[in-house]
Engineer: 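Could you have a look at this structure, given as structure tokens, before my questions?
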Amino acid sequence: MDLFPQDYCFVCHEPIRPTIGWKAIFSKEKASYICPPCQSKFETIIGETCRICCRPFARLDEKFRDGDLCHDCFRWEKDEHWKGLLDKNHSLFLYNEFLKEVIARFKFRGDYVLAKIFVEFFRNKLDEIKADFYVPIPLSKERLYERGFNQAAALLSETGLPATEILTRIHSEKQSKKSRTERIHLLQVFQLTPSVQLQEKKVVLIDDIYTTGSTLRHAAKLLKEAGAASVQSITLAR
Ligand SMILES: [Zn+2]
Ligand SMILES: [Zn+2]
């Protein structure tokens, strides 16, 4: 019997020292995927944040803030076409250099296994939100072919919660090269396959990174138009 099963950190590949105790000996229920030094490089979002997008105010100049909103959200909410669509985004970590590197590996090298690192954080947040449907933001067909998997769907599937895949991309992601204004005013990027009844339901969108919030708001728009009572999102980083 292997008394102290050895785990290796998924990020730095160094051995993770096992916790010595009865629990560690008799069960592997709390497997570690990341070593404490690597884990300490992830910066959780703490303190006061923008009511909608979860942007931390601590690092934001007062002039980019409008009450409990950051200036970006304030602009979205001022726009008749976009206001009130995304109720709240929850981001787990700050998109620092370390996380950037981990996500890049996760995305481009197809390290599906890296999803395991984040699963506990993700599950805790999802438990807190308690939605009726969990909808991963889809990749375009080209992207999916390039990467082999959708990291948002991978994160969700690791939590064991069912994915409701009702969105599909209708435009190419090449749009991301366009400016913010161009992107915002483009027509819908997703289409909805209404295979579930969304009326009065609580929906959570899953994506990897919150940047401009444009993708999530496009998705939220369709879901709200189909009757969803609330649309929140959970992203790994922002
Ligand atoms: Zn490590
Ligand atoms: Zn905001």
Side-chain angles (χ1 to χ4, degrees), residues 4-19 24 30-106 109 111-121 125 129 137 180-181 183-184 204-205 207-221 224 230-238:
F4 300 109
Q6 186 73 74
D7 290 317
Y8 290 88
C9 174
F10 280 2
V11 179
C12 70
H13 307 294
E14 290 295 316
I16 302 172
R17 211 174 287 221
T19 328
K30 243 189 132 115
S32 305
Y33 297 108
I34 181 164
C35 71
C38 283
Q39 186 152 358
S40 71
K41 292 180 195 157
F42 290 128
E43 291 177 78
T44 33
I45 295 175
I46 43 165
E48 207 193 344
T49 60
C50 167
R51 172 169 56 85
I52 297 179
C53 75
C54 202
R55 185 178 191 156
F57 281 148
R59 301 172 176 217
L60 194 66
D61 195 304
E62 272 296 319
K63 68 173 184 280
F64 298 115
R65 192 177 157 173
D66 291 273
D68 59 357
L69 294 179
C70 72
H71 197 62
D72 282 349
C73 289
F74 182 76
R75 275 161 65 193
W76 283 109
E77 293 306 304
K78 233 174 38 184
D79 188 332
E80 273 308 308
H81 195 68
W82 293 104
K83 72 184 235 195
L85 296 176
L86 181 65
D87 295 292
K88 179 150 187 61
N89 168 65
H90 307 260
S91 294
L92 299 176
F93 305 103
L94 286 179
Y95 196 43
N96 63 12
E97 284 307 313
F98 182 71
L99 187 56
K100 203 177 277 184
E101 194 204 311
V102 174
I103 291 179
R105 277 171 53 182
F106 179 28
R109 291 180 24 201
D111 266 344
Y112 189 100
V113 88
L114 286 173
K116 291 190 187 301
I117 296 175
F118 304 111
V119 69
E120 221 175 291
F121 302 100
K125 192 49 91 178
I129 305 171
I137 293 290
R180 180 179 188 271
T181 332
R183 245 179 295 151
I184 290 169
V204 172
L205 294 164
D207 207 359
D208 54 352
I209 305 160
Y210 184 101
T211 42
T212 63
S214 160
T215 308
L216 292 166
R217 281 175 170 94
H218 271 101
K221 189 168 178 59
K224 282 271 171 88
S230 78
V231 179
Q232 301 188 51
S233 59
I234 169 163
T235 53
L236 199 54
R238 70 142 300 131

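Numbering of ligands and ligand atoms starts at 1, following listing order.
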Engineer: So does Glu48 pair up with Arg65, basic N to acidic O under 4.0 Å?
Structural biologist: yes
Engineer: Using side-chain hydrogen bond (donor to acceptor under 3.5 Å, both in side chains), reason through Ser233 and Asp207 one step at a time and then give a plain yes or no.
Structural biologist: CA-CA 8 Å; Ser233 59; Asp207 207 359; over 6 Å; no
Engineer: How long is the straight-line distance from CZ of Phe93 back to NZ of Lys41, given to the nearest 0.5 Å?
Structural biologist: 14.5 Å
Engineer: Please note down the angle at the Zn ion (ligand 1) between SG of Cys38 and SG of Cys12, to the nearest 10°.
Structural biologist: 110°
Engineer: Return the orientation label for the Tyr33 and Phe10 ring planes: parallel under 30°, perpendicular over 60°, tilted otherwise.
Structural biologist: tilted
Engineer: Round to 10° and report the angle made at the Zn ion (ligand 2) by SG of Cys73 and SG of Cys70.
Structural biologist: 110°
Engineer: Any N/O/S atom from Cys53 (main chain or side chain) under 2.8 Å of the Zn ion (ligand 2)?
Structural biologist: yes
Engineer: Examine His13 and say whether one of its N/O/S atoms is closer to the Zn ion (ligand 1) than 2.8 Å.
Structural biologist: no
